[in-house]
Amino acid sequence: MASPRSSGQPGPPPPPPPPPARLLLLLLLPLLLLLAPGAWGWARGAPRPPPSSPPLSIMGLMPLTKEVAKGSIGRGVLPAVELAIEQIRNESLLRPYFLDLRLYDTELSFAATTPVLADKKKYPYFFRTVPSDNAVNPAILKLLKHYQWKRVGTLTQDVQRFSEVRNDLTGVLYGEDIEISDTESFSNDPCTSVKKLKGNDVRIILGQFDQNMAAKVFCCAYEENMYGSKYQWIIPGWYEPSWWEQVHVEANSSRCLRKNLLAAMEGYIGVDFEPLSSKQIKTISGKTPQQYEREYNNKRSGVGPSKFHGYAYDGIWVIAKTLQRAMETLHASSRHQRIQDFNYTDHTLGRIILNAMNETNFFGVTGQVVFRNGERMGTIKFTQFQDSREVKVGEYNAVADTLEIINDTIRFQGSEPPKDKTIILEQLRKISLPLYSILSALTILGMIMASAFLFFNIKNRNQKLIKMSSPYMNNLIILGGMLSYASIFLFGLDGSFVSEKTFETLCTVRTWILTVGYTTAFGAMFAKTWRVHAIFKNVKMKKKIIKDQKLLVIVGGMLLIDLCILICWQAVDPLRRTVEKYSMEPDPAGRDISIRPLLEHCENTHMTIWLGIVYAYKGLLMLFGCFLAWETRNVSIPALNDSKYIGMSVYNVGIMCIIGAAVSFLTRDQPNVQFCIVALVIIFCSTITLCLVFVPKLITLRTNPDAATQNRRFQFTQNQKKEDSKTSTSVTSVNQASTSRLEGLQSENHRLRMKITELDKDLEEVTMQLQDTPEKTTYIKQNHYQELNDILNLGNYTESTDGGKAILKNHLDQNPQLQWNTTEPSRTCKDPTEDINSPEHIQRRLSLQLPILHHAYLPSIGGVDASCVSPCVSPTASPRHRHVPPSFRVMVSGL
């Protein structure tokens, strides 16, 4: 060990052996205990005290030479130590003693901030004026509470110094309602740890690593996009000034450009002890920290500054005040012991000195100097990296446990401090109020229209046009449409309008209303379509009455099936309100939050089974209704004036329901779209169905009230009208019970009338030919018999089941000569010059025409008994004077 020398002497003379009365104290100003073999070097002493002033020697260990790694720290601190010694001597603080400092050059690290020295079991008499690395943890806790950060993660370099700080931080945060969600450490490559922190949604990262690793950490953060307004890095603040400039070359080698490094570093907060107090208060030396700093700068001349100089200055004052207090204690005691009598075996005096050290409390250039378990309770500063420079933004007073944030200095990259985690705002996806209002308005208009149609149907129920279209069925169609309209109001009510319990009730109510309304409207249309199909597609049907009561029974049966399904559904597995959570989405307003959409559904345990039953039942009815509508697409009868419109309605309901159900299922996660589609499908189906059923009736009844009757009258030629006017009977009204039979016969009658018109034209030609000379009669009989016989057999173009036409054909085949030989054979040998208008000629012509009229088409329409086979008719007899059954007369006169 090198010999110590007094401070201020030009040479290093060998020190005298320390007398027993001399006190030797160890001053561990900052960092200590990186002891190496042969660490003692030359020492600098203080001026020799006068003989009358016994010295109190203290020993200072610090690196001073350039050969020592931390020599710049010691050389920067030494001027502060000398200032303190001079001021203490000038104030005669230890009179009659003389404070003597013995400095020794060593490889010990002067800035002893390692937390290892805080272990009082190993180092019970260790004190230091510089705060340890652990001193920043209470400051970090205060900062976290200030910004309400309750969830953090740690990233630590695998070095004992940093691990000790992290372990102490864990203890500080424990019980403070702050969660350490992830703890990561690394040796050389921090990228894996940074990626894990991001995967765990860590937003506030507490880092413990040196400045070389800091560059790698921020490069990894840049690659993982863990910087900016959503993240906050808190790292040690004791790095060298502009440390990033020294390491950016290495950062570039890892494909991290300098601009990328600076972008990731922007906004980080550094935490370190405050080198000098910023308060304008006089210290124990009588000077403010600012005055001291000027004196220090003047004294150090060309020596570089050290941030520990203020703590060394205060450390000398701590020793002086401790010795002074110990001297006062000894003087007040009855032992009459002197301070210079101290030796290392005197435990009593050692305890007095230890207690005096613990009671230290004064304001120094570094702030309030107070010890707690040997640890300095100092001031911690916060700096923030802003625009490529570090700016002080706040400080923490450990003595008062207060945090002061300098106004308008701390700057976050977002509009507010980052969140400590991804804030998940659960947001119920609700139906837009404007959309609900618009669709509700359309629904109200539809209900008003349905009410108008109902009023029209009831008011004109006795009109034949309305009566023949089953007004009761029409009322059911209107009722079903209004129920369907009403369900739209219920589908639009969600959690934003009603409570959870009410919503659950609405799940059941709207299902029942829509199901019953659909079945009522569609069932009525299906029943009417079935009646049309039953009349016109059953060719063997002779007489069948389908009353409205039977159609009501059909609709009631459909409703009964619906009620059975709905009751079983409600009793076994009722609908409940369920909430479905979707993946998070960014905030549309750009805030640092994530939106987790929530969507309410009406579901139960076996939802698929119940929907399958309902869809299968409705689907079968819909398919059968579409089939009936297709089969009756060509039926166009005025008496059944809405059959085609009913078919169109069935098509409309079927297609729109299929499309609506499919699209509604695909858009179940978009309530506005789903509600819009469902509402529009219901409105469209109900509206177009009601319009197709009632608008044609409105138009017909307004423009031509007698159209229903006029379209059913049988149209004859002018000659037939004159003859029928003499013998026709009054029209027998057809009651509602025989409507179906009448409608079938009218259709057939209309087709036969068209054929009769053709026959009339052919008969007229034959009559004109009969007006020729008698010499042509033989020619006519021989050459035109086959032609006339073909004309009379035109009825064979129809179905073989037509009874009247079959009788006519059989009669012509059995008696072909009767049509031509009704006169005597001798008359054909008369004089050819005989008058063709003579009674004989007229009788002959009538004998040809009347049998044809009687046997060709009158039996087919009921004008003569089909069993009559005699073609011989008196010329003076009228066909209408024959015996005709009353039922056939009704058909002739009424149709």
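Note that the numbering runs from 1 along the sequence shown for the chain. The structure displayed is predicted, hence computed values, not measured ones.
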Got [X] and [Y] here, is their nearest side-chain heavy-atom distance under 4.5 Å?
{"X": "Gln674", "Y": "Val663", "result": "no"}
{"X": "Phe675", "Y": "Asp494", "result": "no"}
{"X": "Asp573", "Y": "Met607", "result": "no"}
{"X": "Cys685", "Y": "Val681", "result": "yes"}
{"X": "Trp530", "Y": "Leu551", "result": "yes"}
{"X": "Phe489", "Y": "Leu506", "result": "no"}
{"X": "Pro671", "Y": "Leu599", "result": "yes"}

>> Walk me through whether Arg753 and Thr757 qualify under side-chain contact (heavy atoms from CB on, under 4.5 Å).
In response: CA-CA 6 Å; Arg753 281 185 287 144; Thr757 303; 5.5 Å; no

>> Before you tell me yes or no, could you show the steps for Phe491 and Leu514 under side-chain contact (heavy atoms from CB on, under 4.5 Å), namely the whole-Å CA-CA distance, both residues' side-chain angles and the distance that decides it to 0.1 Å?
In response: CA-CA 10 Å; Phe491 275 105; Leu514 182 60; 3.8 Å; yes

What closest approach, in Å, do [X] and [Y] show between heavy atoms, and which atom pair accounts for it?
{"X": "Leu483", "Y": "Gly517", "result": "CB-CA, 3.6 Å"}
{"X": "Ile682", "Y": "Ser487", "result": "CD1-OG, 3.8 Å"}
{"X": "Thr511", "Y": "Thr515", "result": "O-OG1, 2.7 Å"}
{"X": "Val693", "Y": "Lys697", "result": "O-NZ, 2.9 Å"}
{"X": "Ser686", "Y": "Ser484", "result": "OG-CB, 3.6 Å"}

>> With salt bridge (Lys or Arg N to Asp or Glu O under 4.0 Å) as the rule and sequence neighbours excluded, what pairs involving residues 551-567 come up?
In response: Asp562-Lys618

> Is there any salt bridge (Lys or Arg N to Asp or Glu O under 4.0 Å) pair reaching into residues 501-518, and which pairs are they, with sequence neighbours excluded?
Replying inline: Glu504-Arg576

Can you give me every donor-acceptor pair (side chain of residues 438-451, partner residue at least two apart or in another chain, under 3.5 Å) with its distance?
from, atom 1, to, atom 2, distance (Å)
Ser440, OG, Tyr436, O, 2.6
Thr443, OG1, Leu439, O, 2.7
Ser451, OG, Met447, O, 2.9

>> Does anything in residues 444-512 form a disulfide bond (SG atoms under 2.5 Å apart)? List the pairs, not counting sequence neighbours.
In response: Cys507-Cys602

> Does a sphere of radius 6.0 Å around CZ in Phe497 hold more than 12 heavy atoms from other residues, nucleotides or ligands, not counting ones at 6.0 Å or beyond?
Replying inline: yes

>> Once disulfide bond (SG atoms under 2.5 Å apart) is applied, do any residues pair with Cys676, and if so which ones, sequence neighbours excluded?
In response: none

>> Please enumerate all residues that pass ring pair (Phe, Tyr, Trp, His ring centres under 6.0 Å) together with Phe453, with sequence neighbours excluded.
In response: Phe694

Can you tell me how far [atom2] of [Y] sits from [atom1] of [X], rounded to the nearest 0.5 angstrom?
{"X": "Asn474", "Y": "Ile458", "atom1": "CG", "atom2": "CD1", "value": "11.0 Å"}
{"X": "Asn457", "Y": "Tyr472", "atom1": "CG", "atom2": "OH", "value": "10.5 Å"}
{"X": "Ile609", "Y": "Trp569", "atom1": "CD1", "atom2": "CH2", "value": "11.5 Å"}
{"X": "Leu435", "Y": "Leu433", "atom1": "CG", "atom2": "CG", "value": "9.5 Å"}
{"X": "Ile478", "Y": "Thr689", "atom1": "CD1", "atom2": "OG1", "value": "12.0 Å"}
{"X": "His750", "Y": "Leu745", "atom1": "NE2", "atom2": "CG", "value": "14.5 Å"}

Once side-chain hydrogen bond (donor to acceptor under 3.5 Å, both in side chains) is applied, do any residues pair with [X], and if so which ones, sequence neighbours excluded?
{"X": "Thr605", "answer": "none"}
{"X": "Thr687", "answer": "Tyr485"}
{"X": "Asn604", "answer": "none"}
{"X": "His601", "answer": "Glu580"}

> In chain order, what residues pass the side chain to side chain contact (heavy atoms under 4.5 Å, CB included) check against Val509, with sequence neighbours excluded?
Replying inline: Leu490, Thr505, Ile513

> Applying side chain to side chain donor-acceptor pair (under 3.5 Å), which residue pairs with at least one partner in residues 607-617 are found, sequence neighbours left out?
Replying inline: none

>> Does Arg429 form a side-chain contact (heavy atoms from CB on, under 4.5 Å) with Asn672? I'd like the steps, not just the answer.
In response: CA-CA 9 Å; Arg429 284 184 174 177; Asn672 284 324; over 6 Å; no

